[in-house]
There are 2 protein chains.
Amino acid sequence: MPRPSKKEHLVETAVKLFGRDGFHATGIDKILQEAGVARMTLYKHFRSKDELILAALRRRDEQFRIWFKSAIEKSGGTPAERLLASFDALDEWFAGRAFAGVPFTGCAFINATAEFSEANHPVHQLAAEHKRLILEYLRLLASSAGARDSDGLAWAISLLHEGAIVTAQVSSDIHAGQGAKKIARTVMAEHGIEVTTKSLANEDAY
Amino acid sequence: MPRPSKKEHLVETAVKLFGRDGFHATGIDKILQEAGVARMTLYKHFRSKDELILAALRRRDEQFRIWFKSAIEKSGGTPAERLLASFDALDEWFAGRAFAGVPFTGCAFINATAEFSEANHPVHQLAAEHKRLILEYLRLLASSAGARDSDGLAWAISLLHEGAIVTAQVSSDIHAGQGAKKIARTVMAEHGIEVTTKSLANEDAY
DNA sequence: TATTAGAGACTGAACGGTCTATATTAATTT
DNA sequence: AAATTAATATAGACCGTTCAGTCTCTAATA
């Protein structure tokens, strides 16, 4: 059991290659070669390619949610401002500044459902769970921001996220997050949350 | 050259299988078998699998845009109402009622960019073009609806579409369109377009 | 009779997955 | 502490299958 765990490195490499080239187009051999790991090492840790895919997506879920939350929280504003800051985080991601040296290739979980369309496939379900976890976080922010209908607001913000991600991906629009942010501001106002552009206001939202 | 063109049937079958199982996961053999067509017939009409993919996506683009526009226009309202009706059309699609007997498996073009992430790959570019064409149509509606910033409104509606599509796909949310529609109403109001729920109003938008 | 279209065998490469032989490590025994 | 044994991780050859794509031979049409 070497210190820089081979298993970990394998999963990390899988995340990168699956993200870049897709799941079906990425062969076991390519991952093995890129990771500098032997075949049996993979099958010692994973039953099949599908299980490696699942492991890679679990790793990605963890990695992404940690980054996303920290990117939002380092903005340091009120919960309402953080909801808006989430769109700035997206643009950082789109520009390739979120995950060191790894260009933006869309959301791994949206991409996963594209390749595994059956809703009860484990991969598809994992993707749905990832989105659910993010929605939960947004719900917390919306609630803290004092939204009347925090479920509805969180759902709306989430939908705007998805829209921005897909627009950035398909149409190479690096600034889709800023466009979505403007819409988010309008939606938040509708939910009784006004955020002035340069604000220290809304302190009563706490 | 038989009357029910083999080439046409091949492309139609490809659209179906690529849509259901993805591009890389769908082998030539499966398409051939499903279409009841011989190998050489395919390579008589297409240089490679990639060209069949492109042909299938072109067919899908045509098919989808025709359906989408007609679904919107048969709602028969004002341009502003049609912008909103687009979300009802999406929900019809999500529920599997748009394309006879073919269950919803997400947008073929979003799915395509998931498998072909390189922005200058012909498949990716075709997907971008498809989105551009839909955006153009929305721009026309937004303009007819009397939007102050028709470009901005069309872009926002498009982003809401993408968000609804992805939410329906990943989270099996058949009613994502209705949620997006509510947001659209708010955004339209912000653009100076009010549409009452049961309206024959806004006739001056013409 | 000339031309074209179709069926199926065939190709080399790549697929996911297995097997075995060899290092490497850890534990046990002197 | 050293030597030996036991256990495990690794490398790379190997398996049958499937991949995209080609070739040839036959059947149908003009």
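Per chain, numbering begins at 1; letters A, B, ... match sequence-line order. Values below: every heavy atom of this structure, side chains too, minus hydrogens, waters and symmetry copies.
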S.K.: Tell me, please, which residues at least two apart from A/His124 pass ring pair (Phe, Tyr, Trp, His ring centres under 6.0 Å).
M.R.: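 Residues passing ring pair (Phe, Tyr, Trp, His ring centres under 6.0 Å) with A/His124: none at all.
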S.K.: Can you measure A/Gln33 atom CD to D/dT10 atom P for me and round it to whole angstrom units?
M.R.: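 These atoms are roughly 18 Å apart.
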S.K.: Centre-to-centre under 6.0 Å for A/Phe18 and A/His24, is that the case here?
M.R.: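 They do not qualify: ring centres at least 6.0 Å apart.
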S.K.: Which residues satisfy the side-chain hydrogen bond (donor to acceptor under 3.5 Å, both in side chains) test with A/His130, sequence neighbours excluded?
M.R.: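 side-chain hydrogen bond (donor to acceptor under 3.5 Å, both in side chains) list for A/His130, sorted by chain: A/Asp61.
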S.K.: Filter on ring pair (Phe, Tyr, Trp, His ring centres under 6.0 Å), then keep only pairs touching residues 27-50 of chain A, sequence neighbours left out; what's left?
M.R.: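 Residue pairs passing ring pair (Phe, Tyr, Trp, His ring centres under 6.0 Å), neighbours aside: none found.
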S.K.: Nearest-Å distance, CG (A/Leu42) to C1' (C/dC15)?
M.R.: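 In whole Å, C/dC15 C1' and A/Leu42 CG are 14 Å from each other.
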S.K.: Rounded to whole angstrom units, what separation is found between the NE2 atom of A/His45 and the P atom of D/dT8?
M.R.: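 Going from NE2 in A/His45 over to P in D/dT8 covers 13 Å.
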S.K.: Which pairs with one or both residues in residues 137-168 of chain A pass ring pair (Phe, Tyr, Trp, His ring centres under 6.0 Å), sequence neighbours excluded?
M.R.: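 Checked against ring pair (Phe, Tyr, Trp, His ring centres under 6.0 Å) - neighbours excluded - the pairs reaching residues 137-168 of chain A are A/Phe68-A/His161, A/Phe87-A/His161.
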S.K.: Quick one: what's the B/S/- string for nucleotides 14-25 of chain D, heavy-atom cutoff under 4.0 Å, read 5' to 3'?
M.R.: -----SBBBB--
S.K.: How sharply is the helix from C/dT1-D/dA30 to C/dT30-D/dA1 bent, taking the axes over five pairs at either end and rounding to 10 degrees?
M.R.: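 Computed from the C1' atoms at both ends, the axes differ by 0°.
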S.K.: Without hydrogens or angle criteria, can the side chains of B/Asn120 and B/Gln125 be said to hold a donor-acceptor pair below 3.5 Å?
M.R.: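 No donor-acceptor contact under 3.5 Å links the two side chains.
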S.K.: Provide, to the nearest angstrom, the distance between the CG atom belonging to A/Leu32 and the C1' atom belonging to C/dT18.
M.R.: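 After rounding, the gap between these two atoms is 14 Å.
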S.K.: Under the side-chain hydrogen bond (donor to acceptor under 3.5 Å, both in side chains) test, which residues partner B/Asp29, sequence neighbours left out?
M.R.: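 side-chain hydrogen bond (donor to acceptor under 3.5 Å, both in side chains) check on B/Asp29 returns B/Arg39.
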S.K.: Atom NZ of A/Lys6 and atom P of D/dA9: how far apart are they, to the nearest Å?
M.R.: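 Nearest whole value for this atom pair: 13 Å.
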S.K.: Rounding to a whole Å, what distance do you find between A/Phe46:CZ and C/dT18:C1'?
M.R.: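 The distance from CZ of A/Phe46 to C1' of C/dT18 comes to 18 Å, rounded to the nearest Å.
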S.K.: Please check the phosphate of D/dA9 (OP1 and OP2 only) for any side-chain N or O of A/Thr41 closer than 4.0 Å.
M.R.: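 Indeed not, no polar side-chain atom of A/Thr41 lies that close.
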S.K.: Expressed as a whole number of angstroms, how long is the span from B/Lys44:NZ to D/dA27:C1'?
M.R.: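 My rounded result for the distance is 14 Å.
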S.K.: Go through the structure and list residues passing side-chain hydrogen bond (donor to acceptor under 3.5 Å, both in side chains) with B/Arg148, not counting sequence neighbours.
M.R.: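 None.
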S.K.: Considering residues at least two apart in sequence or located in another chain, which fulfil the side-chain hydrogen bond (donor to acceptor under 3.5 Å, both in side chains) criterion with B/Glu34?
M.R.: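 Partners of B/Glu34 by the side-chain hydrogen bond (donor to acceptor under 3.5 Å, both in side chains) criterion, ordered by chain and then number, come out as B/Lys16.
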S.K.: Whole angstroms only, please: what is the NE2-P distance between B/His9 and C/dA5?
M.R.: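 To the nearest whole Å, that distance equals 19 Å.
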